[in-house]
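Side-chain atoms are counted along with the backbone in the values below, which use heavy atoms only and exclude waters and symmetry mates. A note on names: the letters A, B, ... follow the listed sequences, proteins ahead of strands, and every chain is numbered from 1. Since the model is a prediction, treat every value here as computed from it, not as a measurement.
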Amino acid sequence: MQSRFRLTRSEDFKRVRQTGKSYAHPLAVLVALPSASQNLRIGVTAGKTVGTAVQRNRAKRLLREALRPLLPAIAPNWDLILIARPKLAATSLAETREAVIALLNRAKLILSNGS
RNA sequence: CAGGUUGGUUGGGCAAUCGCGGUUCUGCGUUGACGGGAUCGAGGAAAGUCCGCACUCCAGAGAGCGCGACGUCGGAUAACAUCCGGGGCGGGGAACUAACCCGCCGGAAGAGGGCCACAGAAACAGACAGCCGCAUUUUUGCGGUGAUGGUGAAAAGGUGGCGUAAGAGACCACCAGCAUUUGCCGCAAUGCAAAUGGCUAGGUAACCCCCGUCGGGAGCAAGGCCAAGCAGGAGCAAGUUCGUCUGUGGACGAUGGGAGACUGCUCGUCUCCAUACGCGCUUCCCCCUUGUGUGGAGGAAGCCAGUUCCGGGUAGGCCGCAACGAGCGGCGCGGCGACGCGCCGCCCAGAGAGAUGAUUGCCCAGAUGGCGCAAGCCAUUGGACAGAAUGCGGCUUAUAAACCAACCUGAGCA
RNA sequence: GCCCCCAUCGUCUAGUGGACUAGGACGCGGCCCUUUCAAGGCCACGACCGGGGUUCGAAUCCCCGUGGGGGCA
């Protein structure tokens with residue numbers, strides 16, 4: 001996921017967190033908000049409750065890697081935030097991917113149900 | 001060979017595919033939220049933020065006070081509380097003890113103050129018991145005594161003698177310790193030796209303090225710059241005349257005026273403003289009136305004018321800031337060493353919600369199990385602590401395991 | 001990232017100039033009182049964040065670590 005498709009500005013995060021709709025999962029939380037722009041933007045975040053810097057980076061990399069093959073199937077015009085939870089640092093990529101797919105399905109953001 | 005100790009190095013390797021960040025080059029019937037190539041991309045601790053610097057801003061005539069840090073000697077260094085080499089004391093390490101390791105280091109004689117609970121007579125000096133002398137009403141008073149008892153973490157140098165009423169460095173010998181002087185090795189601390197002195201001086205300065213050295217304060221969210229806007233501030237400046245039309249409110253034109261921009265200046269050109277002042281609008285006060293701020297009269301204050309300049313702070317963007325450095329690697333020289341000097345070569349992460357990940361194969365340590373006398377073979381498993389954010393030098397803390405070198409002790413062989 | 005502060009029973013705190021077997025309140029447990037409950041009374045349990053050091057002696061002083069909190073024009 002290239003950086004221009006990420007959420008970067010602090011106020012964007014604030015807006016999505018405050019006005020978006022959130023979906024919870026034991027491993028992560030998804031917050032979604034329809035956006036005015038034509039493109040999908042995704043922010044991945046891990047707070048201090050996840051653990052040390054190594055564990056936070058690990059959690060964010062897992063979420064990005066789990067998200068990467070799903071990107072073409074996700075509906076555009078959305079701003080998304082994925083928030084890591086403490087258990088995520090100790091899980092595998094396959095479990096993370098299942099969690100992300102489940103969250104996206106619940107938010108009805110996956111366009112083609114091919115996979 | 002066994003055991004122990006210290007120092008150093010590494011911190012899995014190679015390959016393939018997909019993906020990410022920086023720099024740079026580049027392609028185009030499609031200049032894109034486009035594509036392609038090259039190259040670089042975490043650590044020994046990046047961590048804790050405990051010290052020291054660089055750098056930046058603020059303050060400041062100079063100096064001092066205060067506060068803080070440090071304190072054996074010599075050296076290294078940009079600097080340090082760090083490092084190297086030496087010294088002293090205490091502790092650990094085979095209950096002694098080797099290599100070696102750990103901690104501490106000015107001053108309590110030489111300024112002064114404070115504290116030393118409980119116990120004990122007494123904590124730096126005041127006699128509880130005991131001993132001795134004198135007096136005495138025979139059980140007390142006065143005096144001497146730190147040699148004895150017990151207390152305590154600490155009790156007036158120790159042993160022996162002489163001496164005495166009893167005792168005491170009061171005196172003597174030896175020992176321990178202190179100060180001064182001299183000599184020797186050493187740059188020095190220190191050590192060794194001798195002489196002399198007074199014979200004794202408790203501990204605590206990680207209590208205040210004294211002496212010496214150093215430090216102005218804050219920290220890259222420092223700090224600098226930029227576009228737009230806002231808060232705010234400052235300057236300048238009014239209402240000319242004439243004509244036409246008219247619905248009498250005004251509109252248009254001309255002339256002149258004001259402010260500004262362009263320019264080095266003038267001319268010139270351009271933009272904006274004004275002749276909005278009335279039966280005006282807003283608020284307040286007061287009077288009359290009304291079902292009612294319903295209607296009316298009066299008074300006060302404000303508005304009906306713009307334009308130019310200056311101009312924040314936060315958020316945003318750029319710089320600081322990632323390629324020239326207390327830089328890295330190699331070689332040589334000097335030094336016991338920390339380190340320094342010279343030559344050659346190299347350019348080596350840099351974001352700004354934060355780039356290193358995923359999958360697969362082979363190999364390398366390691367662990368477990370099985371087979372084997374052994375070398376070894378097979379299977380399964382499996383890679384510590386941990387992620388740069390202004391940079392650097394240290395310290396401290398976390399860390400699976402491997403390799404190399406040196407030293408010590410013991411045993412054996414030559 | 002940079003810079004500060006704090007840590008004492010389950011909770012809130014006192015003690016910080018060394019003497020402590022660490023005090024108090026609420027809570028918890030037991031007993032008494034009451035017909036019972038509450039209130040009250042008595043008793044008990046219960047802590048110096050961890051490790052080193054200085055000192056005769058450390059909650060206190062010094063160093064290192066751990067955890068928590070706060071600030072940054």
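- Rounded to a whole angstrom, the distance from the P atom of B:A338 to that of B:G332 is 16 Å.
- For the P atoms, the distance linking B:U294 with B:G278 amounts to 29 Å, nearest Å.
- Summarising the geometry, the separation between CD1 on A:Ile81 and P on B:G354 is reported as 12 Å, rounded to the nearest angstrom.
- You'll find that the side chain of A:Glu65 is closest to B:A358, out of B:G387, B:A358, B:G354.
- Here B:G19 is the nucleotide among B:G354, B:A42, B:G19 with the atom lying nearest to any side-chain atom of A:Arg68.
- Smallest separation of non-hydrogen atoms from A:Leu103 and A:Leu30: O-CD2, 3.8 Å.
- Residue A:Arg56 is classed as having no contact, given no heavy-atom separation below 4.0 Å to the nucleic acid.
- You'll find the side chain of A:Val29 reaches within 4.5 Å of the side chain of A:Arg85, heavy atoms only.
- Annotated as anti: B:C304, whose O4'-C1'-N torsion sits more than 90° from 0.
- Contact annotation: the side chain of A:Arg97 approaches that of A:Pro69 to within less than 4.5 Å [non-hydrogen atoms, C-beta and beyond].
- If you take atom P in C:G24 and the same atom in C:G41, they sit 14 Å apart, rounded to whole Å.
- Under the Watson-Crick and G-U wobble criteria, each requiring two contacts below 3.5 Å, nucleotide B:A358 is paired to B:U17.
- Syn is the glycosidic conformation of B:G44, whose angle stays within 90° of 0.
- The separation of B:G391 from B:A221, taken at their P atoms, amounts to 10 Å, rounded to a whole angstrom.
- Along RNA chain B, the nucleotide nearest to A:Thr45 and the one nearest to A:Arg97 differ in position, and the one closer to the 5' end is contacted by A:Thr45.
- With a cut-off of 3.5 Å on both Watson-Crick or G-U wobble distances, the partner of B:U164 is given as none.
- You'll find the side chain of A:Leu40 reaches within 4.5 Å of the side chain of A:Leu80, heavy atoms only.
- When Watson-Crick and G-U wobble pairs are counted only if both distances are under 3.5 Å, C:U34 pairs with no nucleotide at all.
- One interatomic measurement links the two molecules: CG of A:Asn57 to C1' of B:A351, which rounds to 12 Å at whole-angstrom precision.
- Scanning all heavy atoms of the two residues, the minimum distance from A:Thr91 to A:Arg58 falls at O-NH2, 4.5 Å.
- Pairing partner, B:G345: B:C328, with both Watson-Crick or wobble hydrogen-bond distances short of 3.5 Å.
- The gap from the C1' atom of B:G144 to that of B:A166 amounts to 8 Å, rounded to the nearest Å.
- No option in A:Thr45, A:Leu104, A:Leu67 other than A:Leu67 meets the side chain to side chain contact (heavy atoms under 4.5 Å, CB included) test with A:Leu82.
- Going from atom CG of A:Leu67 over to atom P of B:C20 covers 13 Å, rounded to whole Å.
- Nucleotides B:A69 and B:G62 are separated by 26 Å at their C1' atoms, to the nearest Å.
- Taking both residues in full, the closest heavy atoms of A:Ala24 and A:Arg106 are given as O-NH1, 2.7 Å, listed atom of the first, atom of the second, then distance.
- A:Thr52 has no side-chain polar atom (N or O) that falls below the 4.0 Å cut-off from OP1 or OP2 of B:A386.
- Taking the P atoms as reference points, B:A111 lies 16 Å from B:U204, given to the whole Å.
- B:G393 and C:G70 have their C1' atoms separated by 31 Å, with the value rounded to a whole Å.
- Taking side-chain N and O atoms only, A:Arg58 has no distance below 4.0 Å to OP1 or OP2 of B:G357.
- Taking atom CZ of residue A:Arg61 and atom C1' of nucleotide B:A353, one finds them 14 Å apart after rounding to whole Å.
- Taking every side-chain heavy atom of A:Val54 into account, B:A386 is the closest of B:A386, B:G354, B:A42.
- Using a 90° window around 0 for the glycosidic torsion, B:A95 falls inside it and is classed as syn.
- Both distances falling under 3.5 Å, in either a Watson-Crick or a G-U wobble arrangement, place B:G232 opposite B:C310.
- Between A:Leu93 atom CG and B:G357 atom P the separation is 13 Å, expressed in whole Å.
- A:Leu93 and A:Ala66 get closest at one heavy-atom pair: CD1-N, 3.9 Å.
- For A:Lys60 and B:U356, the NZ to P distance is 10 Å, given to the nearest whole Å.
- When both distances must be under 3.5 Å, the Watson-Crick or G-U wobble mate of B:G66 does not exist.
- Rounded to an integer number of Å, the gap from CD of A:Gln55 to P of B:A398 is 19 Å.
- The distance between atom CZ of A:Arg64 and atom C1' of B:C18, rounded to the nearest whole Å, is 17 Å.
- B:A402 adopts an anti glycosidic conformation, its chi angle falling more than 90° from 0.
- Comparing A:Ala53 and A:Gly43 by the nucleotide of RNA chain B that holds the closest heavy atom to each, the one mapping nearer the 5' end is A:Gly43.
- Under the Watson-Crick or G-U wobble criterion, with both distances below 3.5 Å, B:G146 has no partner in any strand shown.
- With its glycosidic angle more than 90° from 0, B:G202 is assigned anti.
- Figure legend. B:A111 is base-paired to no nucleotide; pairs are counted as Watson-Crick or G-U wobble with both atom distances under 3.5 Å.
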